[in-house]
Amino acid sequence: MIRERLKEIVDSCFASGVNEGKWSDAAAGKYTLEVPKREGQGDFSTNMAMVMAGMEKKNPREIAGLLVEILSAEDAIIDKLEIAGPGFVNIFLKPQVWQEVLQPILRTGDNFGRSTVGKGKKVLVEFVSANPTGPLSIGHGRQAILGDAIARLLEVTGHEVTREYYFNDAGRQMRVLGESTRARYLEIQGLPFEFPEDGYQGEYIRDIAQVLLDEQGAGLVGQEDAEPFTKKAVELIFADISGTLERMGVRFDNYYNEHTLYDAGHIDSVVKELREKGLVYEKDDAVWFKTTLFGQEQDRVIIKSSGEPTYRLPDIAYHREKFRRNFDWLVDVFGSDHIATVPDVLAGVEALGYDPKKVTVVLHQFVTLTRNGKLVKMSTRKATFVTVDELLDEVGVDVARFYFMMRKADSQLEFDLDLATKEEKDNPVYYVQYGHARLCSILRRAKDMGLEAAHPEQADLSLLREAEELQLLKSIASFPAAIEAAALELAPHKAIFFLMELAGELHSYYNKHKVIDPENVPLAVTHARLCLIAAVQQVFKNGLLMLGLTAPEKM
RNA sequence: GCACCCGUAGCUCAGCUGGAUAGAGCACCGGACUUCGAAUCCGGGAGUCGUUGGUUCGAAUCCAACCGGGUGCACCA
């Protein structure tokens, strides 16, 4: 909030320098205004002089001098200016500027941190999209939380978000599922059975078979068609998946069944349109899409010689439907094992006349679990993978969510079960939540002692002059910008890091200065500090809730 | 072989649209509870930012090549 104000001032100083002929406007939009890493280098710093120097072949420190001259007229909020290093202009603001952020924060309350930068842009976030062949695994868990967090962040930054789960409950995969279930159904009854070669070996298949046996007895023994088995398996597995998602706090607006693409004729019409554009051809009885025209090394088959489409065709048709449904931005959250499909879909989108730049694919790497410092081995085929439900049983929802959001999508995520199950210390989730609970505790105590609730208009905020207090003020003032960055970059880990840093600053402050201490802290200071504390607590709460975490008042 | 991702402290990771002396947590060592919650804090050691070149006033960040790890490269999804 302060940064934006200062940026306007700096921009107008840049412009007046241009008007006065001090420099050209070549550097417009190229320079930055950022918070220096190191203390003592100002509240903000701009590299404008260095950027201009490079373009105009002048001495950067000399240009910096001119800039300081213009900037120093802005003495309403600027306290001090200095030229440092190779030509940075460091800007020190008056403490009052920071103290005054408390009013708007406390006034905005639960809405502080929300913004309208999204301008109501319609975004479709597709994630999870696991076919109903088994319970959600840890990998799906990461994706579910990543997608959910992205959706939440986009929502609070003014985007109109639709969360969608795309699935397919037909085809070969499902036949195998049904056959696997039938085999277990027969096995339970001690009858001869044939387990499919690439069947699903998980224990949950037996559970499904048992349900069928309980419901229908032996009536399905002679059943040649796997269909009834598939149907029951899909039903039960979907119920299981939905239950897990709900438990994790993940919600969907829409479940999109691949079959609707066939029923509505979208598959055929995509092929027709591509054919009309001369982008497909027949070879070896198959239909090929000329993906080489879109930068790929080879063309791809979209309809097999058997007449069945490959997975690419419905994927492309699905994305066309997303565009037709009038979304401005399509965000796809996929596991990195789907990387091969991305270029195909983008080529299809472009071929059909839509802008591939409106599609952003967030590919996340895999999750590894460690326990006692050793890797927990997982295999999908043998169904030795750890399910999300098992993980939730062990660490709880907040911890699971936090850990899945803690790393950027590009990084492989190591889930340390030892660390995650520690409740007493060392767990970053509790570190942040404890900060919030602590502040609630102070506010409760203030109330018990009959101290008035925080009224920033009445308190003398100029008493907030400790270094730790100013740091906290600066941090909470930058909260909206942090949320905005995390949202627009589709990077929830940035929001997590913000909260962890804020927690660190808060705990340090807590251990050094007291808020309520009638014998040693003047009442006026207590009042001012209560305002600060209330604002920091609000930021913790808003940040935690925005990410789907709880903000406990007691722990 | 080709494509994408990763390589930063003993371990797990930030930082990467170029900027000032490269950060945090864990682990290790030493301190702080008659004081608003010690699930906390304070201090300490710890680094060829995978390697080698290049671009630049300036490179962990950009480019090239190479090394190491992951994931893909079907008329499977």
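Numbered from 1 within each chain, the chains take letters A, B, ... in sequence-line order.
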Taking only the C1' atom of each, what is the distance from U34(B) to C29(B) in whole angstrom?
29 Å

Not counting sequence neighbours, which residues clear side chain to side chain donor-acceptor pair (under 3.5 Å) with Ser24(A)? List them please.
Glu56(A)

Round to the nearest Å and state the distance from Arg300(A) atom CZ to A3(B) atom P.
14 Å

Do any N or O atoms from the side chain of Asn131(A) and from the backbone of Thr133(A) form a donor-acceptor pair under 3.5 angstrom?
no

With Glu34(A) via side chain to side chain contact (heavy atoms under 4.5 Å, CB included) - residues at least two apart
Thr32(A)

Does the side chain of Asp284(A) come within less than 4.5 Å of Val301(A)'s, by heavy atoms?
no

Taking atom C1' in both C2(B) and U61(B), what distance in whole Å separates the two?
27 Å

So what does Ala84(A) touch, heavy atoms closer than 4.0 Å: a base, only the sugar-phosphate, or nothing?
base

Under 3.5 Å, N/O pairs linking protein and nucleotides 12-14 of chain B:
residue : atom : partner   : partner atom : Å
U12(B)  : O2'  : Arg407(A) : NH2          : 3.0
C13(B)  : OP1  : Gln412(A) : O            : 3.0
C13(B)  : OP1  : Glu414(A) : N            : 3.3
C13(B)  : O2'  : Arg407(A) : NH1          : 2.7
A14(B)  : OP1  : Lys408(A) : N            : 3.3
A14(B)  : OP1  : Ser411(A) : OG           : 2.8

Checking Arg3(A) side chain against Ser478(A) main chain: does a donor-acceptor pair fall under 3.5 Å?
no

Residue-phosphate contact under 4.0 Å: Lys283(A) side-chain N/O, C75(B) OP1/OP2:
no

Quick one: what's the B/S/- string for nucleotides 57-62 of chain B, heavy-atom cutoff under 4.0 Å, read 5' to 3'?
------

In whole angstrom, give me the gap between the C1' atoms of G30(B) and C11(B).
22 Å

Assign Gln433(A) to base, sugar-phosphate, or nothing according to its heavy-atom contacts below 4.0 angstrom with the strands shown.
nothing

Flag side-chain contact, heavy atom, 4.5 Å: Glu126(A) against Tyr256(A):
no

Grab the OH-P distance between Tyr430(A) and G25(B) for me, whole Å please.
20 Å

Looking at Leu502(A), is its backbone amide N or carbonyl O close enough to the side chain of Ser475(A) to form a donor-acceptor pair, meaning the two atoms are under 3.5 Å apart?
no

Quantified in whole Å, what is the C1' atom distance between nucleotide U17(B) and nucleotide A60(B)?
15 Å

Taking all atoms of both residues into account, what is the closest heavy-atom pair of Val51(A) and Ala27(A), and its distance?
CG1-CB, 4.0 Å

Looking across every strand, which nucleic acid part, if any, lies under 4.0 Å from Ser336(A) by heavy atom: base, sugar-phosphate, or nothing?
sugar-phosphate

Stems of at least 3 consecutive Watson-Crick or G-U wobble pairs (donor-acceptor distances under 3.5 Å) involving RNA chain B, listed by first number, are B:1-7 with B:67-73, B:10-13 with B:23-26, B:28-32 with B:40-44, B:50-54 with B:62-66

Nearest whole Å is fine: how far is C42(B) P from Tyr509(A) OH?
15 Å

Of Ser508(A) and Ser306(A), the one whose closest nucleotide on RNA chain B sits nearer the 5' end is Ser508(A)

Same-atom distance (P) from G58(B) to U40(B), integer angstrom
45 Å

Considering only the P atoms, how many Å lie between G31(B) and U71(B), rounded to the nearest integer?
46 Å

Quick check on RNA chain B: between Ala437(A) and Asp410(A), whose nearest nucleotide comes earlier from the 5' end?
Asp410(A)

Give a yes or no on whether the backbone of Ser137(A) and the side-chain of His140(A) come within a donor-acceptor separation of less than 3.5 Å.
yes

Quick one: does Lys474(A)'s side chain get under 4.5 Å of Glu505(A)'s, heavy atoms only?
no

Looking only at the side chain of Gln365(A) (C-beta and beyond, no hydrogens), which of the listed nucleotides C36(B), A20(B), C5(B) gets closest?
C5(B)

What I want to check is whether an N or O donor and acceptor connect the side chain of Ser45(A) with the base of A20(B) at under 3.5 Å.
yes

Quick one: label His513(A) by what it contacts on the DNA or RNA (base, sugar-phosphate, nothing), any heavy atom closer than 4.0 Å.
base

Proximal nucleotide (of C4(B), C73(B), A77(B)) relative to the Gln298(A) side chain:
C73(B)

Atom P, compared across G10(B) and U51(B): separation rounded to whole Å
14 Å

Grab the NE2-C1' distance between His338(A) and C76(B) for me, whole Å please.
11 Å

Side-chain (Ser180(A)) to main-chain (Val176(A)) donor-acceptor, under 3.5 angstrom
yes

Given protein heavy atoms under 4.0 Å, the one-letter contact record of nucleotides 30-35 of chain B, with B base, S sugar-phosphate only and - none, is simply -----B

Once you round it to whole Å, what is the distance between P of G25(B) and CG of Leu499(A)?
16 Å

Length of the line joining Leu375(A):CG and C11(B):P, which is rounded to integer Å
16 Å

Heavy-atom pair of closest approach, residues Ala351(A) and Leu274(A)
CB-CD2, 3.7 Å

Do the non-hydrogen side-chain atoms of Ile302(A) and Trp288(A) ever get within less than 4.5 Å of each other?
no

Provide, to the nearest angstrom, the distance between the CG atom belonging to Leu502(A) and the P atom belonging to A24(B).
17 Å

Sugar-phosphate only, base, or nothing, as touched by Tyr431(A) at under 4.0 Å among non-hydrogen atoms:
sugar-phosphate

Do the side chain of Arg61(A) and the main chain of Gly85(A) share a donor and acceptor less than 3.5 angstrom apart?
yes

Does the C75(B) base have a donor-acceptor partner in the side chain of Ser305(A) within less than 3.5 Å?
yes

Testing A20(B), C75(B), A77(B) for proximity to the side chain of Pro36(A), the answer is A20(B)

Base, sugar-phosphate, or nothing for Asn90(A), non-hydrogen atoms under 4.0 angstrom?
base

Identified ring-ring contact (aromatic ring centres under 6.0 Å, His included) partner of Phe415(A) from the options Phe366(A), Phe402(A), Tyr403(A)
Tyr403(A)

What distance, rounded to whole Å, do you find between the two C1' atoms, one in G15(B) and one in G45(B)?
23 Å

Rounded to the nearest angstrom, tell me the gap between atom NE2 in His507(A) and atom C1' in G25(B).
13 Å

Tell me whether the NZ or CZ atom of Arg438(A) lies within the 45° cone about the ring axis of Tyr510(A) and under 6.0 Å from its centre.
yes

Does a sphere of radius 6.0 Å around NZ in Lys30(A) hold more than 12 heavy atoms from other residues, nucleotides or ligands, not counting ones at 6.0 Å or beyond?
no

Mind checking Asn520(A) for me? I need base, sugar-phosphate or nothing, with any heavy atom below 4.0 Å counting as a touch.
nothing

